[in-house]
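What follows is one structure encoded as structure tokens, with my remarks underneath.
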Number of protein chains: 2
Amino acid sequence: MIASIAERCIDKGLKMTGPRKVIAKALSQSDDHPNADTLFQRVQALDASVSLATVYRTLKLFEERDIIAKLDFGDGRSRFEQAPREHHDHLIDVQTGEVIEFQNDKIEQLQKEIATELGYELTDHRLELFGRKIEGK
Amino acid sequence: MIASIAERCIDKGLKMTGPRKVIAKALSQSDDHPNADTLFQRVQALDASVSLATVYRTLKLFEERDIIAKLDFGDGRSRFEQAPREHHDHLIDVQTGEVIEFQNDKIEQLQKEIATELGYELTDHRLELFGRKIEGK
DNA sequence: ATAGATGCAAATTGTTTGCGGAACT
DNA sequence: AGTTCCGCAAACAATTTGCATCTAT
């Protein structure tokens with residue numbers, strides 16, 4: 001296990017207020033990729049007094065501090081996950097919406113090479129695969 | 001050159017109305033990746049009577065019919081391009097916002113393999129690289 | 001003739017913000 | 001005490017939609 005979100009907040013000098021603790025906890029307990037609204041519901045289950053505005057503000061804050069990562073699966077809302085311990089990309093099941101994380105060094109390497117060839121230093125990237133489950137698998 | 005957008009619309013049995021012709025033309029003339037609003041301005045330059053709502057409706061229609069592709073570079077608005085003659089991905093210059101298209105068979109192949117390994121048939125994917133121009137290149 | 005398209009304005013959706021009060025250091 | 005944070009409601013930006021009216025087929 002890695003440093004909890006709460007610990008990482010403290011490391012970065014953020015005030016750990018009640019709402020932030022709750023949001024950090026809700027994030028820690030999520031091993032999927034909730035959007036703001038879904039996360040808000042989970043937060044509310046822990047403490048109904050926390051507002052949606054604070055969820056948004058806190059998500060933005062955490063993201064700026066690289067405590068969490070903001071994702072975009074093309075459905076118009078942002079999704080969030082704990083700042084990945086290890087970098088990974090996502091495969092989205094087009095039928096169920098299920099999200100599978102994967103990691104592949106070859107593809108990471110290849111991306112770097114492509115950027116270099118084009119005269120760029122790769123600063124970031126986004127890769128999402130969309131697929132249909134193969135029967136019998 | 002490939003079939004024009006207008007031709008592809010007719011192929012697919014779409015009514016070619018005035019506004020659609022104008023939007024198709026504006027798209028054809030764009031070799032960048034305009035968002036809806038930018039495209040709307042280009043459309044207006046050709047025919048000021050076309051409304052933004054129609055631009056949105058038509059973009060959605062064209063996209064559903066695979067006549068154009070909708071892209072997302074993470075700035076909160078969708079961007080569009082003619083359905084690519086050849087598939088390609090994008091590298092976005094983080095400093096200028098410039099978008100460079102590239103194509104790389106190895107990475108395409110690798111993505112398919114990854115999906116297969118995970119038990120999926122790849123139906124689509126999205127890859128965006130973000131980079132900083134290397135000095136002197 | 002008729003199904004489908006359009007313009008306009010109003011509605012939705014996801015997200016951000018101004019403000020007065022509350023909380024952490 | 002002072003700065004930062006919070007909840008609430010209002011504000012925003014991008015996109016969609018209801019409706020009465022046109023238009024391509």
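In what follows, every chain begins at residue 1, and chains take the letters A, B, ... in the order their sequences are listed.
Within the 4.0 angstrom heavy-atom criterion, no nucleotide atom of any strand lies near A:Met16.
Using a distance-only test at 3.5 Å, with no hydrogens or angles considered, a donor-acceptor pair links the side chain of B:Glu7 to the main chain of B:Ser4.
Here B:Gln111 pairs with B:His125 under the side-chain hydrogen bond (donor to acceptor under 3.5 Å, both in side chains) rule; sequence neighbours left out. With sequence neighbours left out, B:Lys106 forms a side-chain contact (heavy atoms from CB on, under 4.5 Å) with A:Leu110, B:Asn104. Applying the side-chain contact (heavy atoms from CB on, under 4.5 Å) criterion to B:Glu86, with sequence neighbours excluded, gives B:Gln103.
Note: NZ (A:Lys15) to P (D:dT3) measures 11 Å, nearest angstrom. In this structure, CG of A:Asp75 is placed 18 Å from P of D:dA14, rounded to the nearest angstrom.
Taking the 5' to 3' direction, DNA chain C first and last meets chain A under 4.0 angstrom from a heavy atom at C:dG14 to C:dC24.
Residues of residues 37-66 of chain A having a heavy atom closer than 4.0 Å to DNA chain C, listed by number: A:Ala53, A:Tyr56, A:Arg57, A:Lys60. Only at 4.0 angstrom or more do the heavy atoms of residues 17-26 of chain A sit from any atom of DNA chain C, so none qualifies.
Salt bridge present: B:Asp32 and B:Arg42 bring a charged side-chain N and a carboxylate O closer than 4.0 Å.
Hydrophobic clustering (ILVMFWY, side-chain heavy atoms < 4.5 Å, transitive): A:Val55 and A:Leu46 are in one cluster.
Of all non-hydrogen atoms in A:Leu91 and A:Gly131, the two that sit nearest each other are CD2-N, 4.4 Å.
Using a 3.5 Å distance cut-off with no hydrogens or angles, the side chains of B:Glu81 and B:His88 do pair a donor with an acceptor.
A ring-centre distance under 6.0 Å is found for B:His90 and B:Phe73.
Here the straight-line distance linking atom CD of A:Glu101 with atom NE2 of A:His87 works out to 10.5 Å at 0.5 Å rounding.
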